Structures are given as structure tokens and as C-alpha cells.
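Below is one structure, written out as C-alpha cells, with a few remarks after it.
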There are 2 protein chains.
Amino acid sequence: MAIDTKERILDVAERLFADFGYNATSLRDITREAGVNLASVNYHFGSKEALLAALLERRFAGINERRLTQLDRAEAAAGPDGPGLEEIVRAFLAPPFEMRSEWGSSGQKFLRLVGRIHSETDEIRQVFIQLFQPCLSRFKAALQRALPDVGPDEVEWRAHFLVGAMAHTMTWCDSFQSRDQDAMLESLVRFGAAGMATPSGSPVEVHAPARLSR
Amino acid sequence: MAIDTKERILDVAERLFADFGYNATSLRDITREAGVNLASVNYHFGSKEALLAALLERRFAGINERRLTQLDRAEAAAGPDGPGLEEIVRAFLAPPFEMRSEWGSSGQKFLRLVGRIHSETDEIRQVFIQLFQPCLSRFKAALQRALPDVGPDEVEWRAHFLVGAMAHTMTWCDSFQSRDQDAMLESLVRFGAAGMATPSGSPVEVHAPARLSR
DNA sequence: GTCTATATGCGGATAGAC
DNA sequence: GTCTATCCGCATATAGAC
């Protein structure tokens, strides 16, 4: 039953890391709850940090593949100027939240874990960044193409803001009072696209524009 | 030299909590680096968690006061419709970053600590939320007033997105390649205001609008 | 207020029997 | 592959001398 043991460890670790954080979760907590022996974590994974890495790789590869697939599709369907901002932002944000629905409660937990990892210390984030950075780079390039009048530094910053809004939502969306998760994703996409789209040098203050445009 | 001891503990704890996280920082780390005795933390503060609370209260009260003052000023200067979105967002975002400049490197560290706290586990966040929630509520009301056509749930979500972008920026802005911190704040304000301002029901996809408006 | 010494328990990791 | 038992160090917190 070795395979079951590995899977059980991964499932339980995912949930506990998500709910209580990586540092605050001990291998004893994980193995007790999974009903396996304490030593099995080091036997199967080598260390606590390697367990985290295995856990992230198990799900994250699929998410980033889907992100890139959706971006490819948007670029193929777009004209010579490339896809619109909202399409790019949606291709980036939708996959983790789609997966959350598809994978049920463990997808939910994984999402929270990923959200928390964004503000973990560098050492712990290292594994994560290796999985995330290549995908993020392609999206930054797509965003830059869609925003030819915005400088590279500014695009970089806005990408950080977008990632921050996403990470915070991943961490806490279970706690928001919301019945419709699809609507929340759509709100996030629109928020992010609108933020990205701001003209960089415009001196004019926008006064409650929602009032004028609906 | 009791007062000096307390201050030294607070200063060092602020820095270490910011850089390595609350859980990963031990009282031994703090007292060793501060050059004080291990037992002095419990003597002066009672516990590690109470130390965190004292640390947050020391700086956070001033930040929230300044936020509310700036909001008051904007409301006093505004017409009957209240201040514009960008003014509200700026009143919320500017004070922590202003303080960062005023308080030097310890302000920088404190900012990162606050950023990290946003994704800490509920237990640790409790103290922080008590300090943050009253201020946040007033801002939500101001935002709702500036966005009369957007439903309360939607305003709530957007406020979460804004907080997420802010927290992520607080945590990592030291690592961004940026010479001008004022420019970064201004970018964040514009990003947040534009995101908040999105018309909620508009079916039209925005296609690279920055290209059209500059 | 500050110190040393210590209580008490949990942490990750491993050795070696089965 | 799984188990028990254990190494060894660090954690928070406190008691009690100075």
C-alpha cells in the first residue's frame, strides 16, 4: 500500500499547509491525521521541504499548462495586435479557479496554499517560483504587447499588483460571503484588466466613472 | 534601562518578523540580536503573541489615523457626491507608504511585516484585524458611495482585490527593481482606482484601451 | 529589571528490527 | 515499506537568585 500512503500524505499535507501554514504544520500533525507512520514522510519524500515541492508539482504543472493553452488560443484567434487585455488576464486567472471547482475541496485547499506561498519567505518560495516564473514571463510579454504605450517597469509593477490581488483572493475566497464563485472570478478578471489598462501618463482624475458609463 | 530594552526588543522583532515570518522567528533570535536577556520578552510583554500585538499597535494606530484624516479632508473638499474614487483609494494606500519613507529602514521592515500578516493564519491575524477593520469599514462605505451603481457584494470583493494588491506590494516592494518609490505608490493607486471603477455590468470587452487614450 | 538555570514539550530526521 | 525507539536540538515560558 505504498502508493496509497504517498497519496494520503500528499492530500493531508495539502490541507494542513493550506489551513495552518507550512511552518506551523509539523510532520507529526500530517502523519497522525493521514494514519501513516511518522517515518514514512522521510522515506517517501526525503524531507519536509521536498514534500512541499512534490505537493506543488502535483497540481501546479496542470494549472500553468492550462494558462498557456488559453493564452495560445487567444493569440491564435486575435488579430495582428494580439489578444485584448481582458483575454490575457482571464487566461492567467481562470485556470486555478477552474481547477478549484473541478478538484473539489482539495482543490480549494490547494488554492489557499498557493495563495499563502506568495507571501512566504524566500527559501520556501523557491520551489514555487521555479514552477511559476516561466509562465509568468510569457504573460508579462503578452501584457507588454497589449500595452505598447506603457513602459516595461510599469507593466512589471502592474503584474505584481495583479498577482497580489489574485493571491489574496486565493487565500481568503472561502471566507468571503459569496454564493457564486464564477461571478467572483469574473469580478477579479475585470478588476485586474481595468487596473492593467490604466493609461500611464494621464493627469486627469477619474471621478466615479462607473456612474457615467452604465 | 528598561525602556531601552523594550524598544530594542520591538525594533529587532519588527525586523525579524518581517524578514522571516512570525512562526520562523524565535524569541532566542530576537533577544540574541537585541543584546538583551531571553527572559526579558516575557517580563516586558508577557508572551510572544503579545509582543506582536504591541509591535503592531505601536505603528499601526498612526497609519490608520492618517488614512481617516486624509479621507475626512477629501470628503470635506468634495462636492455633494463625495470624493472621487482615486482620492479615496489614495487616502487608503498612501499613509503606509508615506510612513515607510518617514521612518526609514524600520518603516520598510514594518511594511513588509504588515504585508505578510495579511496571509497569516486567523489566530495570528486576530490582533491585526481588530486594528484594521474599523478603518476598512469606513473606506468601504466611502467606496460604496462613489460607486452607487455597483452592488455591495461587488464593492466588497473589489475592496478585497485592492487589499491584496496592497499587501503583496508591501511584502515585496523592496525586491522590485525600482528607484522611485513615489512612482510605485502612484502606479498602485491608479491600478486600484481603475480596478474599483470598472462598470459592473458592462458586456463590452475592453481591447487594449491604453492605446486609444494616450 | 536583569540574570542563570531549568521545566516541559515539540521539531525534523534517522537507525535498525521486522 | 512500515514500524518503534531514539538522537539531538530548539521552542516558549517560568522560578528564583541577584
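Because the structure is predicted, anything quoted here is derived from the model rather than measured. Chain A is the first sequence line, chain B the second, and so forth, proteins listed ahead of strands; every chain is numbered from 1.
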Task: CZ on Arg145(B) to CD on Glu75(B), rounded to 0.5 Å - done: 6.0 Å

TODO: Give the rounded distance in Å between these two atoms: CG of Leu38(B) and C1' of dA7(C).
DONE: 13 Å

Task: Nucleotide nearest Lys48(A) when distance is taken to its side chain, options dA13(C), dT2(D), dT2(C) - done: dA13(C)

- [ ] Calculate the interatomic distance between Leu51(B) atom CG and dA11(D) atom P; express it in whole Å.
- [x] 15 Å

TODO: Write down the distance between CD1 (Ile30(A)) and P (dG11(C)), rounded to a whole number of angstrom.
DONE: 10 Å

Task: 5′-ward residue of the pair Asn37(A)/Arg32(A) relative to DNA chain C - done: Arg32(A)

TODO: Please state whether the phosphate of dT2(D), meaning OP1 or OP2, lies under 4.0 angstrom from any side-chain nitrogen or oxygen of Thr5(A).
DONE: yes

- [ ] Test the Lys48(B)-Phe17(B) pair against the cation-pi criterion, namely NZ or CZ under 6.0 angstrom from the six-membered ring centroid and within 45° of the ring axis.
- [x] no

Task: Residue Asn42(A), side-chain atoms from C-beta onward, closest of dA13(D), dT2(C), dA13(C) - done: dA13(C)

- [ ] Using whole Å, report how far CD of Glu7(B) lies from C1' of dG1(C).
- [x] 16 Å

- [ ] Go through dT2(D), dT4(C), dG1(C) for me and flag the one nearest to the Ala39(B) side chain.
- [x] dT4(C)

Task: CG-CD distance between Asn64(B) and Gln133(B), expressed to the nearest 0.5 angstrom - done: 11.0 Å

- [ ] Please confirm whether the backbone N or O of Ala18(A) pairs with a side-chain atom of Arg116(A), one donor and one acceptor, at under 3.5 Å?
- [x] yes

Open item on the list: Rounding to an integer number of Å, can you tell me how far Tyr43(B) OH sits from dA17(D) P?
Closed with: 17 Å

- [ ] Kindly say if Ser47(A) contacts the phosphate of dG12(C), meaning a side-chain N or O under 4.0 Å from OP1 or OP2.
- [x] no

Open item on the list: I need the residues from residues 19-29 of chain A with at least one non-hydrogen atom less than 4.0 Å from DNA chain C; give them sorted by number, or say none.
Closed with: Thr25(A), Ser26(A), Leu27(A), Arg28(A)

Open item on the list: Whether the side chain of Asp11(B) engages the backbone of Arg8(B) through a donor-acceptor N/O pair (distance < 3.5 Å, no angle test) should be reported.
Closed with: no

Open item on the list: Show me the pairs that pass side chain to side chain donor-acceptor pair (under 3.5 Å) and involve residues 118-128 of chain A, at least two apart or across chains.
Closed with: Ser119(A)-Ser119(B)

- [ ] Tell me yes or no: between the side chains of Arg59(A) and Ser106(A), is some donor less than 3.5 Å from an acceptor?
- [x] yes

